[in-house]
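Per chain, numbering begins at 1; letters A, B, ... match sequence-line order. The structure presented is a predicted model; accordingly, all values stated were derived computationally and were not measured.
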Amino acid sequence: MALQKKKILARAFFNRPTLIVTRELIGKFLVRRVGKRKIAVMITETEAYDGFKDKASHAHRGQTPRNTPMFGEAGVCYVYFTYGMHWMLNIVTREKGYPAAVLIRGAGEHVGPARLTRGLSITKLLNGMPLAQKSGIWIEDRGIVINPRNVKRTPRVGVDSAGPVWGNKKYRFVLQQKRVKK
DNA sequence: TAAGTGATCTCT
DNA sequence: GAGATCACTTAA
């Protein structure tokens, strides 16, 4: 058995073109530590929100108090509250001043962005926190190699109001799960 | 298919 | 301040 490589992803990983980061996060592990409990789940679904021009992005109308983390350094959490009950977890990409982030939509058994944050106790407290062990949330590369053929690219979810052009961009990546035969 | 839920943003 | 909107989930 070969040694398992386990590497915590640093800022440099996220300070790259958003779509590349979005794609490469599939198969990485999101790790959350709360007190003594540690949860690690493999990321299976992501979406990119890239730049001022992206009409589906919170940043397309400019900077506001809420979306400020998107304008900051890469490798930082952008967590916001919506629909009166759900938290959404994003990871900021690109350099300071360029608003972009990756929405983590699913990981491990948590399918759906709001279920994921509920399962991992992710709230506003993590907003603006860098991904690092000391923050209690980080991302590891555990050496799992994903076959690109098993990653599906589709339009993003819930962004129809962004119009046909931006609403149809294939900015969503989904790992095709193995089917369990009965 | 639609209700629930409340912060945030835009427009008065 | 008021009204619309919202990167969703759950129960039918």
Side-chain angles (χ1 to χ4, degrees), chain A residues 13-30 32 39 41-131 137 139 151-177:
Chain A
F13 178 89
F14 302 98
N15 192 10
R16 294 185 299 153
T18 309
L19 283 173
I20 292 181
V21 176
T22 308
R23 160 66 186 83
E24 292 189 5
L25 277 176
I26 301 288
K28 301 294 189 289
F29 280 77
L30 175 65
R32 171 81 171 120
I39 307 171
V41 283
M42 190 176 74
I43 297 171
T44 55
E45 185 178 345
T46 56
E47 276 181 11
Y49 289 86
D50 189 35
F52 297 96
K53 289 189 289 191
D54 183 351
K55 286 195 180 163
S57 168
H58 287 166
H60 93 277
R61 286 177 210 267
Q63 190 168 350
T64 67
R66 179 177 64 161
N67 66 26
T68 292
M70 290 186 77
F71 289 77
E73 298 280 359
V76 167
C77 297
Y78 168 39
V79 181
Y80 69 91
F81 189 66
T82 191
Y83 291 108
M85 54 187 99
H86 301 306
W87 296 101
M88 300 285 139
L89 171 66
N90 300 253
I91 310 302
V92 176
T93 61
R94 297 289 302 266
E95 68 278 9
K96 198 173 175 183
Y98 184 94
V102 178
L103 170 66
I104 310 297
R105 293 190 58 90
E109 73 273 29
H110 309 100
V111 179
R115 289 167 156 188
L116 173 72
T117 54
R118 194 182 61 188
L120 300 199
S121 304
I122 290 165
T123 68
K124 193 186 186 102
L125 295 177
L126 293 177
N127 190 37
M129 300 281 272
L131 291 170
I137 184 166
I139 294 178
V151 178
K152 198 173 173 186
R153 249 186 108 162
T154 79
R156 291 174 289 186
V157 173
V159 296
D160 290 344
S161 59
V165 176
W166 289 95
N168 288 326
K169 292 251 186 222
K170 293 190 169 181
Y171 278 11
R172 172 170 176 249
F173 296 83
V174 189
L175 178 65
Q176 300 300 100
Q177 307 282 20

Any strand, both distances under 3.5 Å, Watson-Crick or G-U wobble: dA4(C) pairs with dT8(B)
Rounding to an integer number of Å, can you tell me how far Met85(A) CE sits from dA3(B) P?
13 Å
Just the rounded figure in Å: distance from C1' of dT9(C) to NE2 of His110(A).
15 Å
Among dA7(B), dT10(C), dC8(C), which nucleotide has an atom closest to any side-chain atom of Arg105(A)?
dC8(C)
Return the 5'-most residue of the pair Tyr83(A), Arg61(A) with respect to DNA chain B, ranking by each residue's nearest nucleotide.
Tyr83(A)
Heavy-atom pair of closest approach, residues Arg94(A) and Arg16(A)
CD-O, 3.3 Å
Would you say a side-chain N or O of Lys124(A) is under 4.0 Å from OP1 or OP2 of dT8(B)?
yes
I need the OH-P distance between Tyr80(A) and dC9(B), as an integer number of Å.
12 Å
Can you name the closest pair of heavy atoms from Phe173(A) and Arg153(A) and give their distance?
CE2-CG, 3.3 Å
Are OP1 or OP2 of dT5(B) and a side-chain N or O of His86(A) less than 4.0 angstrom apart?
no
To the nearest angstrom, how far is Arg156(A) atom CZ from dC8(C) atom C1'?
16 Å
Does Thr64(A) have a side-chain nitrogen or oxygen under 4.0 Å from the phosphate oxygens OP1 or OP2 of dC9(B)?
yes
Using a cut-off of less than 4.0 Å, is there contact between a side-chain N or O of Ser161(A) and OP1 or OP2 of dC6(C)?
yes
Ignoring the backbone of Arg118(A), work out which of dC8(C), dA7(C), dT9(C) is nearest its side chain.
dT9(C)
Starting at atom CG of Asn90(A), determine the distance to atom C1' of dA7(C), rounded to an integer number of angstrom.
8 Å
If you compare all heavy atoms of Ile26(A) against all heavy atoms of Glu45(A), which two are closest, and at what distance to 0.1 Å?
CD1-N, 3.8 Å
Starting at NE2 of His58(A) and ending at P of dC6(C), how long is that distance when rounded to a whole Å?
9 Å
Of all the heavy-atom pairs spanning Leu131(A) and Phe14(A), show the shortest one and how long it is.
CD1-CZ, 3.6 Å
d(CG, Asn67(A); P, dA7(B)) in whole Å:
18 Å
Need one value for Ala114(A): base, sugar-phosphate or nothing, where a base atom within 4.0 Å counts as base even if backbone is also close, heavy atoms only.
sugar-phosphate
So what does Met88(A) touch, heavy atoms closer than 4.0 Å: a base, only the sugar-phosphate, or nothing?
sugar-phosphate
Cut-off 3.5 Å, no hydrogens considered: what does the side-chain donor-acceptor table look like for residues 70-91 of chain A, sequence neighbours left out?
residue  : atom : partner  : partner atom : Å
Tyr78(A) : OH   : His58(A) : ND1          : 2.8
Asn90(A) : ND2  : Tyr78(A) : O            : 3.2

From the options dC8(C), dA7(C), dT8(B), select the nucleotide whose nearest atom is closest to the side chain of Tyr49(A).
dA7(C)
Testing dC9(B), dA7(C), dG6(B) for proximity to the side chain of Arg66(A), the answer is dC9(B)
Tell me the interatomic distance from Phe81(A), atom CZ, to dG6(B), atom P, rounded to whole angstroms.
7 Å
